[in-house]
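Read the structure below first, then the notes.
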Amino acid sequence: MAIEKTYDPAATEAKHYPRWEQSGAFACNPQSDKKPYTIMIPPPNVTGSLHMGHALTFTLQDVLVRYHRMNGRDVLWQPGTDHAGIATQMVVERQLAERQTSRQQLGRAKFLEKVWEWKAESGGTITRQLRRLGASPDWARERFTMDEGLNKAVNKVFVELYKQKLLYKDKRLVNWDPKMLTAISDLEVEQKEVKGHMWHFRYPLADDPTQYLCIATTRPETMLGDGAVAVHPDDERYKHLVGKFVRLPLVERLIPVIADEYPDPEKGSGAVKITAAHDFNDFEVWQRHRHKDYFTRQINGGLINLFDQHARLNENCPKQYQGLDRFEARKRVIADLDALGLVEKIEPITHVVPHGDRSGVVIEPWLSEQWYVNAGELAKQALAAVETGRTQFVPEQWTNTYYAWLRDIEPWCVSRQLWWGHQIPAWYGLKVNVDGKIEEKTFVAETEAEASSLACEHAQMPVAVVDKDTAWKKALETPDAGETKHYYLYRDEDVLDTWFSSALWPFSTLGWPQQTPELQRYYPTDVLVTGFDIIFFWVARMMMMGMHFMQDVPFRKVYIHALVRDEKGQKMSKTKGNVIDPLNMIDQYGCDALRFALTALSTPGRDIRLSPARIEGYRNFATKLWNAARFCQMNGCAFDPAFKPDTVQLTINRWIVGRVAQVQQQLAQHYTDHRFDLIAQTLYQFVWNDFCDWYVELSKPVLQTEGAEGQPETRATAAWVLAQMLKLLHPVMPFITEELYEGLNAAPGKMLMLEQWQPVESGDTAAAQEIDWLIRLITEIRAVRNELNVPASAAIALQVKDAASATQRRLKTHDATIKRLARVDRIEAINTPPQQAAQIVLNEMTVFLPLAAIIDLAQERARLDKESQKLQQEIAKLAQKLANDDFVAKAPPEVVEEQRQRLADNQAVLAKLQQARKAVAE
RNA sequence: GGGUGCAUAGCUCAGCGGUAGAGCACUGCUUUCACACGGCAGGGGUCGCAGGUUCAAUCCCUGCUGCACCCACCA
């Protein structure tokens with residue numbers, strides 16, 4: 001098959017991807033006797049579309065996966081997508097809003113239908129885009145975090161944790177998102193620095209209204225819910241006030257002045273208002289004092305909730321503020337206090353304010369009942385697994401980040417007041433007690449049937465599962481005559497945090513809780529490839545769940561890659577307009593160029609600065625490779641299946657075979673070390689510098705001279721090296737290599753992606769030395785020609801003096817090559833140096849270029865002087881070093897010897913240069 | 001406030017105790033036979049600053065400066 005003149009990435013990509021996928025080349029094989037190699041894809045959000053961060057992470061994973069497939073492993077790259085609770089719900093709600101409706105109007109069931117519809121329509125976007133990137137996961141095994149099987153795993157985990165008392169319901173302050181109307185976890189809160197004010201208010205003393213106690217706040221509206229003012233017990237300024245009361249302005253309640261360690265006397269006035277229902281610190285203070293009568297006598301024990309779910313002021317506030325939005329209320333409270341002369345001062349400040357990472361609105365600490373996972377307990381094993389090295393982070397420094405977070409972890413709030421997600425498998429039974437009060441009992445079970453039977457057993461009466469409102473209504477009703485009395489059960493309406501199901505991904509996708517063969521075979525996985533931004537969200541939680549439910553780590557290695565930024569180091573964002581779209585890059589430069597760029601730029605511990613120019617550069621590399629393959633084909637280099645690399649005779653062939661062996665070994669090491677940058681660099685240098693710049697050039701005299709000695713061998717070698725090169729490049733550049741492999745016809749009908757890397761015997765050093773010498777000779781001659789402005793078209797003679805017999809042999813062997821590459825028309829041995837010639841010293845040999853007619857002798861003198869000067873500097877440095885007795889005495893002998901040798905070599909060359917200089921003296 | 005990373009050629013980055021490297025950009029030559037998305041040659045760096053360890057420091061240690069990021073923090 002002829003290789004086209006130019007490479008057409010779009011056509012090639014469209015041709016090979018379906019071929020790979022349809023042939024089953026991506027599939028794992030549980031029956032295989034090969035060692036498994038497993039990577040779990042970090043499931044992208046179904047709402048998502050491919051951005052550069054995706055392109056990076058999936059490219060690196062695909063590189064690893066393709067490499068291991070070609071090196072004898074049974075690979076499972078498990079694909080899938082995440083239902084992304086809040087994100088997806090927001091997208092669909094936004095669409096509803098455009099149609100002037102809302103989820104509330106639709107109702108839960110209808111709304112969920114809409115989300116599923118939307119998922120069916122748009123959920124395939126990201127996986128289609130992944131295909132464009134050349135990703136090769138086992139698509140047949142694709143999972144969605146809301147799949148039925150995964151839902152079973154979620155329920156099972158929930159129930160187990162509940163039974164083990166590692167999951168429980170608790171009423172405390174949560175991070176409340178008043179826009180999404182749900183609780184969120186600490187991790188979903190983003191601290192943003194904003195400009196605000198510190199307001200200092202005066203609270204009049206109860207027994208002397210002319211005196212004030214001054215407090216400061218950044219959230220004036222919360223003063224309506226103050227339950228106390230706290231001062232430090234050792235603060236002399238306030239000791240006399242502890243135990244007394246102040247009159248809370250606007251509300252006109254009396255609140256106590258209490259002593260607690262929390263206030264910092266150095267900060268502000270040293271007196272702190274305590275608003276237990278709206279501040280995490282204040283809540284803790286309240287908990288320490290809640291049993292004191294100054295709290296128990298207050299409304300709701302001093303824990304006064306001011307907000308409804310929208311963060312509008314509720315019935316616990318004075319009439320004039322009820323129904324106001326929190327920020328409106330803030331203005332009113334300030335104005336009203338000011339009118340009363342109770343504003344001491346207002347300072348402008350910058351401070352950090354919590355925002356919802358999805359909704360972007362200010363988060364309120366809000367009192368509510370939620371489900372929590374005892375993360376502290378689960379963290380113990382997750383920590384131990386890393387401490388003992390069962391899971392390793394690459395680069396290692398991320399271990400510390402992981403430790404720091406897990407060692408200080410708070411309970412994980414897992415319930416969300418959303419509709420889209422795994423509904424919590426808890427049911428509540430309602431019964432009216434003899435005292436007329438309703439008793440609520442919780443039944444946690446994997447299925448409704450199980451919950452019902454538990455409830456039935458508990459209540460000793462028939463159970464009816466209904467919705468929440470009906471349950472409450474019915475429970476209070478007395479059944480009509482003849483009607484059976486039921487125990488009413490309703491399901492918890494909340495859903496679980498998205499990350500709850502993601503945490504199970506490494507085993508839920510393999511069929512857990514069933515003990516499937518896949519689970520046995522592919523868990524624990526080999527490596528997790530991800531960005532540092534989800535170490536807490538995801539990595540740590542998978543570790544916790546994996547250790548707890550599988551008694552083993554979910555992955556042996558965690559490779560943390562960089563963030564992709566723009567060329568100026570700025571984070572890419574739509575608002576900044578500096579987004580580089582991966583699909584756009586693929587269209588412009590081809591997929592392989594993008595993949596190579598991302599791989600090459602993956603330096604450990606450094607963010608990636610990406611610019612289209614870099615991708616363009618690697619597009620050029622692809623073109624270079626393409627043309628090298630064309631060269632081979634045009635010169636009759638047909639692949640010979642019987643070719644044995646260790647039998648080649650010609651020096652150039654022995655040399656390039658040795659280089660293949662070396663490169664393959666280096667690559668294997670770089671893969672082991674996860675050094676993607678070095679993988680790319682090694683490939684780039686080998687293809688461009690070794691193969692194209694030298695091997696192809698060195699082989700031309702053989703390939704392009706009819707009947708030249710060693711021509712069949714050279715043709716076969718070139719074809720073989722090209723085939724090896726394609727194999728080595730394939731993990732990074734799958735498309736162009738597959739296309740060229742087909743063109744090379746190395747293995748008719750076989751796909752490159754399923755070929756194996758074959759170990760190559762390491763080449764001989766003699767050939768490498770000889771080619772090094774040849775390269776140096778040619779390069780030096782070219783340099784001299786260039787520097788002396790010898791026209792490129794001018795052929796010159798080469799006169800050789802003092803060449804040892806081995807060197808003479810080399811000159812003879814490479815006669816045609818030297819003539820061609822250095823543009824020399826004859827090579828002859830001489831004993832007497834010619835006059836007026838440029839000279840090159842290479843080891844023992846001196847080479848003269850008689851250029852009397854062409855060169856400017858003054859220029860040649862300058863050139864020789866410059867070179868001598870460089871050498872003399874070097875010699876001086878070495879001599880000084882060797883004159884240092886301490887160096888000679890203390891440095892390792894081989895280092896001293898090396899320096900001595902270098903000094904001698906330099907001195908020898910200098911001597912010859914000086915001779916040469918004399919020959920052209922004025 | 002606690003922590004991490006980075007600082008090497010104009011740019012983006014390797015290297016890391018014993019002669020400073022690559023790619024891109026730049027300069028000169030070169031449309032010639034796989035490739036001008038090419039070839040050949042070349043210029044360019046007191047390796048952030050100050051100390052210390054060492055025979056020897058860009059590399060190890062300490063301090064400083066600058067940049068980036070993470071965690072905590074609404075008195």
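Chain A is the first sequence line, chain B the second, and so forth, proteins listed ahead of strands; every chain is numbered from 1. Please read these numbers as outputs of a predicted model, since none were measured by experiment.
Two residues are said to be in side-chain contact when any heavy atoms from C-beta on lie closer than 4.5 Å; A/Glu874 and A/Leu878 meet this criterion.
In terms of phosphate contacts, A/Arg619 brings no side-chain nitrogen or oxygen within less than 4.0 Å of OP1 or OP2 of B/rC37. Residue A/Lys877 places no side-chain N or O under 4.0 Å from the OP1 or OP2 atom of B/rG18. A sub-4.0 Å separation between OP1 or OP2 of B/rC29 and a side-chain N or O of A/Arg782 is absent. Close to B/rA56, at under 4.0 Å from its OP1 or OP2, lies no side-chain N or O of A/Gln880. Between B/rG38 and A/Asn620, a contact under 4.0 Å exists linking OP1 or OP2 to a side-chain N or O. Proximity of A/Trp688 to the phosphate of B/rA34: no side-chain N or O atom is located under 4.0 Å from OP1 or OP2.
For A/Arg902, taking side-chain heavy atoms from C-beta onward, the closest of the listed nucleotides B/rG28, B/rC13, B/rU19 is B/rU19. Listed nucleotides B/rU19, B/rC35, B/rA41 differ in distance to A/Lys5; the shortest reach to its side chain belongs to B/rC35. Distances from the side chain of A/Glu697 to the nucleotides B/rG43, B/rU12, B/rC35 place B/rC35 closest. Distance from the side chain of A/Gln397 is smallest for B/rU4 among the nucleotides B/rC35, B/rU4, B/rA22.
For the pair A/Arg407 and A/Tyr403, the cation-pi criterion (under 6.0 Å, within 45° of the ring axis) is fulfilled.
For the ring pair (Phe, Tyr, Trp, His ring centres under 6.0 Å) with A/Tyr7, the qualifying choice from A/Tyr589, A/Trp626, A/Phe735, A/Phe621 is A/Trp626, the only one to do so.
In this structure B/rU12 sits in a base pair with B/rA22, meeting the Watson-Crick or G-U test at under 3.5 Å. Taking a pair to require two hydrogen-bonding distances under 3.5 Å in either a Watson-Crick or a G-U wobble arrangement, B/rU31 remains unpaired. Here B/rC6 sits opposite B/rG66 as a Watson-Crick or G-U wobble pair (both hydrogen-bonding atom distances under 3.5 Å).
Checked against the 6.0 Å centroid threshold, A/Phe691 and A/Phe686 do not count as a close aromatic pair.
A donor-acceptor contact under 3.5 Å links the side chain of A/Arg820 to the base of B/rC33.
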